[in-house]
Undergrad: 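Okay, here's the structure, questions in a sec.
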Number of protein chains: 2
Amino acid sequence: MGAGAKSKQKGVACPVETTLRVIGGRWKVLIIHFLLTGTMRFGELTRSLGGISARTLSKQLRELEADGVVARKDFGEIPPKVEYSLTPLGKTLEPVLRSMEAWGVVVERRR
Amino acid sequence: MGAGAKSKQKGVACPVETTLRVIGGRWKVLIIHFLLTGTMRFGELTRSLGGISARTLSKQLRELEADGVVARKDFGEIPPKVEYSLTPLGKTLEPVLRSMEAWGVVVERRR
DNA sequence: CGGGATCCCGGATGATACTG
DNA sequence: CAGTATCATCCGGGATCCCG
């Protein structure tokens, strides 16, 4: 995966790798982190993430949507309004992120 | 990575991303998975992982070592003998992998 | 056996310009 | 506002060859 992302479904039947494939993208855990606090619009996410390009955000959101983690709601208005939120499955990622966060804190303290 | 793996230390002070940076490599969770069962030699890992190149295995092991997750023991013999194992810190990754595995299982069942 | 040195490619991401 | 299209770039990782 270049950075990280890993979008291949190479025979590897390891569930841990499956998870990594889903949340391994450069910005995905951040996106999920923010959506855990509630629904957000595209522009809000762009500003919150700080530094992500529209092209990349769009792509990562669509991948998360394809994996059933994120729900996209298009209001079909002009000007456009689109809201993103976590699906029930997406919300079940919270304990995973928390355990990763806890470990990351320990590692960071180590230096 | 290709991205995937994320080796940048960009200001991002998010612990979750720190964890992802450490275990996000193409083979790292697999390596850790095997080392959780005990000490292994370079060749053993190569065969167990199946398909990894020596260059990449060497590199990922050194990165894990630099992050304090893996310990390397060189016996300084001829022919060479090197053993790899998890450090105490490395072993604390087990609950993280388990939560990722549990989620991965659910997702895989979803299709 | 356990790597290091090189060469190389594809995918991931950014920058920029444009649009409904 | 929320994207898409296109071009440019960067980097992880594979393939191959070589060595102590």
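Letters A, B, ... mirror the listed sequences (proteins, then strands); counts begin at 1. If you're wondering where the values come from, they're calculated on a predicted model, not measured in any experiment.
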Undergrad: With a 4.0 Å cut-off, would you call Asp74(B) and Lys81(B) a salt bridge?
TA: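 No.
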Undergrad: In whole angstroms, how far is the C1' atom of dG2(C) from the CD1 atom of Ile31(B)?
TA: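 Going from CD1 in Ile31(B) over to C1' in dG2(C) covers 15 Å.
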Undergrad: Could you check whether Arg98(A) pairs with Glu94(A) (Lys NZ or Arg NE/NH1/NH2 to Asp/Glu carboxylate O, under 4.0 Å)?
TA: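 A salt bridge is present here (some side-chain N lies under 4.0 Å from a carboxylate O).
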Undergrad: Strictly below 4.0 Å: does Gln60(B) bring a side-chain N or O up to OP1 or OP2 of dG12(D)?
TA: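 Negative; the distance criterion is not met.
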Undergrad: Could you tell me whether Tyr84(A) contacts a base, only the sugar-phosphate backbone, or nothing, with contacts defined as non-hydrogen atoms closer than 4.0 Å?
TA: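 Sugar-phosphate, backbone atoms only, no base.
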Undergrad: Calculate the interatomic distance between Glu65(B) atom CD and dG2(C) atom P; express it in whole Å.
TA: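 So the two atoms are 15 Å apart, to the nearest Å.
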Undergrad: Quick check: on DNA chain C, is the nucleotide nearest Lys81(B) upstream (toward 5') of the one nearest Ile78(A), or the reverse? Name the residue that is more 5'.
TA: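 Per heavy-atom nearest nucleotide, the more 5' residue is Lys81(B).
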Undergrad: My understanding is that only one of Glu83(A), Lys73(A), Glu44(A) makes a side chain to side chain contact (heavy atoms under 4.5 Å, CB included) with Thr39(A); could you say which?
TA: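 In the set Glu83(A), Lys73(A), Glu44(A), the residue that makes a side chain to side chain contact (heavy atoms under 4.5 Å, CB included) with Thr39(A) is Glu83(A).
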Undergrad: State whether Arg41(B) places a side-chain N or O below 4.0 Å from either non-bridging phosphate oxygen (OP1 or OP2) of dG2(C).
TA: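 It does, given that an N or O in the side chain of Arg41(B) lies less than 4.0 Å from OP1 or OP2 of dG2(C).
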Undergrad: Name the closest nucleotide to the Arg26(A) side chain, picking from dG3(C), dG12(D), dT13(C).
TA: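 Taking heavy atoms from C-beta onward, the closest nucleotide is dT13(C).
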Undergrad: Check Thr18(A), Thr92(A), Thr19(A) against Trp103(B) for a side chain to side chain donor-acceptor pair (under 3.5 Å) and give me the one that passes.
TA: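 Considering Thr18(A), Thr92(A), Thr19(A), a side chain to side chain donor-acceptor pair (under 3.5 Å) with Trp103(B) is found only for Thr92(A).
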Undergrad: Taking only the side-chain nitrogens and oxygens of Arg62(B), find out if one of them lies under 4.0 Å from OP1 or OP2 of dG3(C).
TA: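 Result: yes.
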Undergrad: Rounded off to whole Å, could you give me the CD-to-P distance for the Glu83(B) and dC1(C) pair?
TA: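 For the pair Glu83(B) CD and dC1(C) P, the rounded distance is 15 Å.
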Undergrad: Does dG14(C) have OP1 or OP2 under 4.0 Å away from a side-chain N or O of Ser53(A)?
TA: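 Yes, such a contact exists.
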Undergrad: For DNA chain D, whose closest nucleotide is more 5', that of Leu57(B) or that of Arg47(A)?
TA: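 Nearest-nucleotide comparison on DNA chain D picks Arg47(A).
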Undergrad: Does Arg72(B) place a side-chain N or O at less than 4.0 Å from the phosphate oxygens OP1/OP2 of dG3(C)?
TA: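 Yes, because at least one side-chain N or O of Arg72(B) sits under 4.0 Å from OP1 or OP2 of dG3(C).
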Undergrad: Starting at the 5' end of DNA chain D, which residue's closest nucleotide do you reach first, Arg55(A) or Pro80(A)?
TA: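 That would be Pro80(A).
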Undergrad: Please report the distance, rounded to the nearest Å, between CD1 in Ile52(B) and P in dG3(C).
TA: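 Computing the Ile52(B):CD1 to dG3(C):P distance gives 12 Å.
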Undergrad: Yes or no on side chain to side chain contact (heavy atoms under 4.5 Å, CB included) for Leu30(A) and Ile52(A), after CA distance, side-chain angles and deciding distance?
TA: CA-CA 11 Å; Leu30(A) 258 325; Ile52(A) 192 174; over 6 Å; no
Undergrad: Counting side-chain heavy atoms from C-beta on, which of dG13(D), dG14(C), dG20(D) comes nearest to Trp27(A)?
TA: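 The listed nucleotide nearest to Trp27(A)'s side chain is dG14(C).
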Undergrad: Without decimals, in angstroms, what is the distance between Leu45(B) CG and dG3(C) C1'?
TA: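 Distance, rounded to whole Å: 14 Å.
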Undergrad: For Ser58(A) and dA2(D), is the shortest distance between a side-chain N/O and OP1 or OP2 below 4.0 Å?
TA: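 It does not, given that no N or O in the side chain of Ser58(A) lies less than 4.0 Å from OP1 or OP2 of dA2(D).
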Undergrad: What is the distance, to the nearest angstrom, from the CG atom on Leu61(A) to the C1' atom on dA2(D)?
TA: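 In whole Å, dA2(D) C1' and Leu61(A) CG are 11 Å from each other.
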